[in-house]
2 protein chains.
Amino acid sequence: MNINPKKISEPQLKEQEFSINHQKLIDATIETIAKRGLADTTIAQVAKKAMVSQGYANFRFKSKENLLLSSLKFLSDEYKNSWQRIFEDNNLDPVGRVIKIIENDFSSKIANRNKIAVWVSFYSEVKFRPSYLTICQKQDEIYSSQMEKLIKEVNFLTDQTFLTPREISETYLSMVDGLWQRILFDPKMYSHVFCKGLVKKYFRNIYIDEKRFL
Amino acid sequence: MNINPKKISEPQLKEQEFSINHQKLIDATIETIAKRGLADTTIAQVAKKAMVSQGYANFRFKSKENLLLSSLKFLSDEYKNSWQRIFEDNNLDPVGRVIKIIENDFSSKIANRNKIAVWVSFYSEVKFRPSYLTICQKQDEIYSSQMEKLIKEVNFLTDQTFLTPREISETYLSMVDGLWQRILFDPKMYSHVFCKGLVKKYFRNIYIDEKRFL
DNA sequence: TTTTGTATTGAATAATCATTCAATATGGCT
DNA sequence: AGCCATATTGAATGATTATTCAATACAAAA
């Protein structure tokens with residue numbers, strides 16, 4: 001009766017978060033948003049890319065909204081992990097950490113055009129979906145305060161006193177957001193090399209004796 | 001036959017850009033995007049807010065897409081004008097101009113939460129709609145080059161040589177974009193005063209003797 | 001007043017989608 | 001093998017929405 005044979009069931013797992021299909025759908029969602037935009041992302045397209053039926057995608061995530069939210073959560077966690085790894089590395093001193101953070105923020109894994117497109121899509125809806133805001137805002141607060149603490153350590157080791165740790169940290173984080181957005185417009189001009197160079201020059205100007213910022 | 005009387009016709013104008021209804025629809029579009037987001041903005045809602053019929057909105061702008069594009073163009077022009085006014089003011093010296101630009105970028109007319117929401121909505125679609133990209137990119141190129149030229153003049157009058165005009169200009173423009181986005185998340189924390197202070201402190205640190213950056 | 005051309009309406013159309021659910025397949029259990 | 005519980009399907013449903021267009025109102029001209 002059926003033309004297309006059904007998928008062979010994957011081994012069942014109690015934690016749905018670890019199900020293959022769960023992750024396949026999230027990956028497909030991110031790819032679809034990156035390729036077509038949030039506005040033109042439909043369950044049908046995502047399901048097709050994940051190679052499951054449309055009905056299944058909805059069944060698994062209860063709703064499209066929930067699928068989108070899960071995808072945002074996934075991206076957010078990925079970023080958090082890469083950041084956390086830098087802070088747990090005991091071989092790094094404060095300046096080394098700052099440099100690693102810059103490298104990470106403009107690495108091809110984090111700052112590629114597809115992922116930025118997804119981030120910006122969600123950002124743009126933040127004002128209208130409290131659930132998006134919660135994730136994005138909480139994320140931001142963590143990075144702000146951790147970065148500020150880190151800069152405080154750097155300041156302590158240098159003779160920089162004009163700019164407060166808060167000011168440096170807020171400036172850096174804003175710059176990153178702004179540069180990410182520009183990567184979307186013009187990825188050639190705003191290459192990773194260019195962006196990293198710009199940010200490092202900012203730090204170099206503050207900590208004029210710290211040769212590592214170059 | 002008709003319950004609702006039709007609107008009384010406005011005096012006809014040859015240039016459709018000056019028609020009252022034309023502008024009413026654009027204003028209504030911006031308000032609707034600001035309130036509900038680009039994704040949930042429908043012609044029906046816009047038409048209702050502009051107090052014309054749904055059919056008319058479509059007739060006037062040919063398509064929804066065209067209405068959105070016209071609204072983006074309007075915002076873009078508004079920004080361009082405010083920027084241009086600063087450059088045409090002959091009473092200002094280079095530093096004075098930079099300060100005016102900062103004031104303008106975080107004025108309540110330009111950097112209010114509604115308009116930022118609209119900007120970010122369009123930004124997020126830039127990768128998928130070449131027509132949006134054209135407007136946003138062209139705008140950005142103008143500000144980049146004009147700002148760079150301006151900073152070159154400031155550098156010339158000071159002993160700052162470490163950072164190039166290009167670097168300062170790119171850093172400033174990225175910061176503004178980043179801060180605008182943050183205003184959406186948390187307008188209390190990222191108040192206009194805070195944002196202006198942060199940016200001025202950036203310049204103060206570069207041009208350490210220029211007391212006006214404070 | 002009547003005519004005429006333009007402005008505006010609002011209801012109908014057709015397309016797109018999220019969501020639902022009855023039907024079916026699958027793999028483990030007895 | 002036959003049964004059961006779960007996984008997955010795909011077609012149907014209903015809601016939303018851009019777009020179209022014939023009908024109508026209006027203002028100015030004749």
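So you know, we letter chains A, B, ... as the sequences are listed, proteins then strands, and number each from 1.
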Closest nucleotide among [options] to the [X] side chain:
X     : options               : result
B:V52 : D:dT17, C:dT9, D:dT19 : C:dT9
A:I43 : D:dT8, C:dG10, C:dT19 : C:dT19
A:N21 : D:dT8, C:dA18, D:dA18 : D:dT8
A:K64 : C:dT19, D:dT8, C:dT8  : C:dT19
B:T42 : D:dA18, C:dT8, C:dC17 : D:dA18
A:Y56 : C:dT8, C:dA18, D:dT8  : D:dT8

Please state how far atom [atom1] in [X] lies from atom [atom2] in [N], giving the value in whole angstrom units.
X     : N      : atom1 : atom2 : result
B:K62 : D:dC21 : NZ    : P     : 16 Å
A:I20 : D:dT8  : CD1   : C1'   : 16 Å
B:Q45 : D:dT19 : CD    : C1'   : 17 Å
A:K48 : C:dC17 : NZ    : P     : 13 Å
B:N66 : D:dT19 : CG    : C1'   : 14 Å
A:F61 : D:dT8  : CZ    : P     : 12 Å
A:Q54 : C:dC21 : CD    : P     : 15 Å
B:R60 : C:dT8  : CZ    : C1'   : 11 Å

Tell me whether A:K100 is salt-bridged to A:D89, with the criterion being a basic N under 4.0 Å from an acidic carboxylate O.
no

Would you call the rings of [X] and [Y] parallel, tilted or perpendicular, where under 30° means parallel and over 60° means perpendicular?
X      : Y      : result
B:W180 : B:Y79  : perpendicular
B:F122 : B:Y132 : perpendicular
B:Y123 : A:F185 : perpendicular
B:F194 : B:Y190 : perpendicular

Please check the phosphate of D:dT19 (OP1 and OP2 only) for any side-chain N or O of B:N58 closer than 4.0 Å.
yes

First encountered from the 5' end of DNA chain C, between A:D40 and A:G55
A:D40

